[in-house]
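Owing to the predicted nature of the structure, the values given are computational and were not obtained by experimental measurement.
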Amino acid sequence: MAARQPFTDLDTADEAVRSTCDDATTCKRYATSKGYWTDPYVQYFVRSVGERKAPEINRGYYARVQGMNYLLDAFLRKTKCDCQIVNLGAGLDTTFWRLKDENLMPRKYFEVDFPMIAARKIHNIKTKPPLSKPLIETHSTDSLLLDGHSLDSDRYCIIGADLRDIPGLDDKLKKFHLNPELPTLFLSECVLVYMTPDQSSKLVNWASVTFHTAMFVNYEQVNMLDRFGQVMIENLQRRQCNLAGVEVCQSLESQKERFLKTGWENADALDMMTVYSVIPQDDVARIERLEFLDEKELLQQLLQHYSICWATKDKLKLGLSQVAF
């Protein structure tokens, strides 16, 4: 029998990246328990509400969720839901269930993450009827595939894959009927930053080469050259979490450049402080009443170090370049 390969630095780094999935889900669970937004499904991925999170963290997650959903829903309106969505590094995200509830389902919703995370999510779906029932309701044939690392139904697919292995990713997505002719939305949240700039460029280039009408929405760090950014990097490094792609996070311009250099026609980017000021302000006023925030300046600093960048290409002339805040 072959001896087990010893753990490498890459294994340790990948494990640290996988742990960020739990962090995000726990923070979302806590924020929804305080009423920042409604998500009846996140409770099935995290057992308890967990320890208290600071108000600025809750507001940061609120801005992230509202900002990503704003662009996602705008894409669905432009395409009249005649499209597909690919969530890269999806973790334990619950967007599929939200879209089902709001009658905003694309033709098919794909998720890709490390096989270990995909397996966990599939296990949760199999064992929690509130998660499995909506999936079965959107599936019309007998061919529901459910195994350790993949789930495939008519409208929802989970794939275990490494985003750094483009040929492997392409093969798996094709196997589960990702259609290059359909308008396609790619989502990634704090994913590209854990890949080297070369790896993330190859991924976004693959997306632009393979799909003629597409949009890519990326949420991650920005303005990382200042002192606050350096402290963020040091905090993550203490947890063995290396931001391998941090050089692309220098500025909004460097974020846009990654897309403009890899075949995307248009790219735009805003820091999350700006996003926070342009999402519906009546709801912002509501959530600001939920908890007293002592450190307004800390919230501002935090939001200035995250951004949403979105890029489009539009052979079908659907007006995707008009999608904006």
Side-chain angles (χ1 to χ4, degrees), residues 18-53 58 61-62 64-66 68-69 72-73 76 81-161 172-173 175-178 185 187-191:
R18 282 192 284 269
S19 75
T20 64
C21 157
D22 288 322
D23 294 346
T25 311
T26 304
C27 287
K28 287 177 179 178
R29 173 90 163 95
Y30 185 82
T32 56
S33 78
K34 299 296 282 186
Y36 280 83
W37 70 94
T38 304
D39 183 345
Y41 299 101
V42 70
Q43 62 183 311
Y44 301 114
F45 293 107
V46 182
R47 281 203 188 93
S48 67
V49 169
E51 60 190 44
R52 181 182 176 274
K53 303 287 185 284
N58 296 326
Y61 269 92
Y62 168 83
R64 169 179 174 170
V65 169
Q66 300 306 312
M68 293 297 287
N69 285 350
L72 189 164
D73 294 358
L76 287 167
C81 293
D82 190 19
C83 63
Q84 58 201 352
I85 296 175
V86 183
N87 191 331
L88 300 167
L92 303 175
D93 185 77
T94 58
T95 300
F96 165 78
W97 290 274
R98 176 181 78 83
L99 297 180
K100 162 83 166 59
D101 285 350
E102 294 178 11
N103 210 16
L104 281 173
M105 282 287 293
R107 278 218 222 162
K108 193 161 182 176
Y109 190 95
F110 295 83
E111 293 183 347
V112 185
D113 212 317
F114 283 116
M116 201 179 288
I117 289 175
R120 262 183 70 193
K121 190 166 196 175
I122 291 164
H123 175 74
N124 282 22
I125 292 168
K126 275 161 58 173
T127 55
K128 310 271 169 61
L131 297 177
S132 55
K133 191 167 171 276
L135 193 149
I136 293 159
E137 286 169 358
T138 60
H139 187 72
S140 59
T141 61
D142 298 332
S143 59
L144 184 71
L145 168 77
L146 210 53
D147 66 26
H149 293 132
S150 46
L151 178 160
D152 187 43
S153 71
D154 291 348
R155 309 293 291 278
Y156 184 42
C157 179
I158 300 175
I159 296 167
K172 287 179 180 178
L173 285 166
K175 178 184 163 191
F176 294 118
H177 313 295
L178 185 70
L185 173 65
L187 302 171
S188 68
E189 299 182 45
C190 294
V191 171

Asks: Can you confirm whether Tyr61 sits close enough to Tyr36 that some side-chain heavy atom of one is under 4.5 Å from a side-chain heavy atom of the other?
Replies: no
Asks: Salt bridge check: are Asp154 and Arg107 linked by an N-O gap of less than 4.0 Å?
Replies: no
Asks: Quick one: closest heavy-atom pair of Leu144 and His139, and the distance?
Replies: N-NE2, 3.3 Å
Asks: Does the pair Thr127 and Tyr44 meet the rule for a side-chain contact (heavy atoms from CB on, under 4.5 Å), with working shown?
Replies: CA-CA 10 Å; Thr127 55; Tyr44 301 114; over 6 Å; no
Asks: If you draw a 6.0 Å radius around NZ in Lys126, do more than 12 non-hydrogen atoms from other residues or ligands fall strictly inside?
Replies: yes
Asks: Measure the spacing between CG of Leu76 and CG of Leu104 and express it to the nearest 0.5 Å.
Replies: 6.0 Å
Asks: If you compare all heavy atoms of Pro115 against all heavy atoms of Ala161, which two are closest, and at what distance to 0.1 Å?
Replies: CD-N, 3.9 Å
Asks: Could you give the distance from OH (Tyr62) to CD (Gln66), rounded to the nearest 0.5 Å?
Replies: 4.5 Å
Asks: Indicate yes or no: at least one non-hydrogen side-chain atom of Arg98 is less than 4.5 angstrom from one of Asp73.
Replies: yes
Asks: Side-chain donor-acceptor pair under 3.5 Å between Asp23 and Thr26, yes or no?
Replies: no
Asks: For the pair Arg155 (side chain) and Leu135 (backbone), establish whether a donor and an acceptor sit closer than 3.5 Å, ignoring hydrogens and angles.
Replies: no
Asks: For residues Asp113 and Gly91, report the shortest heavy-atom separation together with the two atoms involved.
Replies: OD2-N, 2.7 Å
Asks: What I'd like to find out is whether the side chain of Gln43 reaches to under 4.5 Å of the side chain of Val49, using heavy atoms alone.
Replies: no
Asks: Would Asn87 and Tyr109 count as a side-chain hydrogen bond (donor to acceptor under 3.5 Å, both in side chains) if you check the C-alpha gap in whole Å, the side-chain angles of each, and the deciding distance to 0.1 Å?
Replies: CA-CA 8 Å; Asn87 191 331; Tyr109 190 95; 3.2 Å; yes
Asks: SG/Cys157 to CG/Leu151 distance, rounded to the nearest 0.5 angstrom?
Replies: 7.0 Å
Asks: Should Lys100 and Glu137 count as side-chain neighbours, where that means a heavy-atom distance under 4.5 Å?
Replies: yes
Asks: At what distance, to the nearest 0.5 angstrom, does OG of Ser150 lie from NZ of Lys172?
Replies: 8.0 Å
Asks: Can you check whether Leu185 reaches Cys83 side chain to side chain, under 4.5 Å on heavy atoms?
Replies: no
Asks: Can you find a side-chain donor-acceptor pair between Glu111 and Tyr156 that sits under 3.5 Å?
Replies: yes
Asks: Ile159 and side-chain contact (heavy atoms from CB on, under 4.5 Å): which partner among Leu173, Val86, Leu178?
Replies: Leu173
Asks: For the CD atom on Glu51, are there more than 12 heavy atoms of other groups (residues, nucleotides or ligands in this structure) within a distance under 6.0 Å?
Replies: no
Asks: What's the spacing between Glu189 CD and Leu187 CG if we round to 0.5 Å?
Replies: 7.0 Å
Asks: Would you check if Leu99 and Ile85 make a side-chain contact, meaning some heavy-atom pair closer than 4.5 Å?
Replies: yes
Asks: Could you tell me which non-hydrogen atom of Pro134 sits nearest to which non-hydrogen atom of Leu131, and how far apart they are?
Replies: CD-O, 3.4 Å
Asks: Is it true that Lys108 and Asp152 have a side-chain N and a carboxylate O under 4.0 angstrom from each other?
Replies: yes
Asks: Over all heavy atoms of both residues, which pair between Gln84 and Pro106 is shortest? Give the atoms and the distance, please.
Replies: CA-CB, 4.2 Å
Asks: Using the rule side-chain hydrogen bond (donor to acceptor under 3.5 Å, both in side chains), only one of Thr95, Thr94, Asn124, Asp101 pairs with Tyr41; which is it?
Replies: Asp101
Asks: Do other residues, nucleotides or ligands put more than 12 heavy atoms under 6.0 Å from the CG atom of Asn103?
Replies: no
Asks: For atom NZ of Lys133, decide whether the heavy atoms of other residues, nucleotides or ligands shown that lie under 6.0 angstrom number more than 12.
Replies: no
Asks: Are Phe45 and Arg120 close enough that some pair of their side-chain heavy atoms sits under 4.5 Å apart?
Replies: no
Asks: Can you tell me how far apart CH2 (Trp37) and CG (Asp39) are? Round to the nearest 0.5 Å.
Replies: 8.0 Å
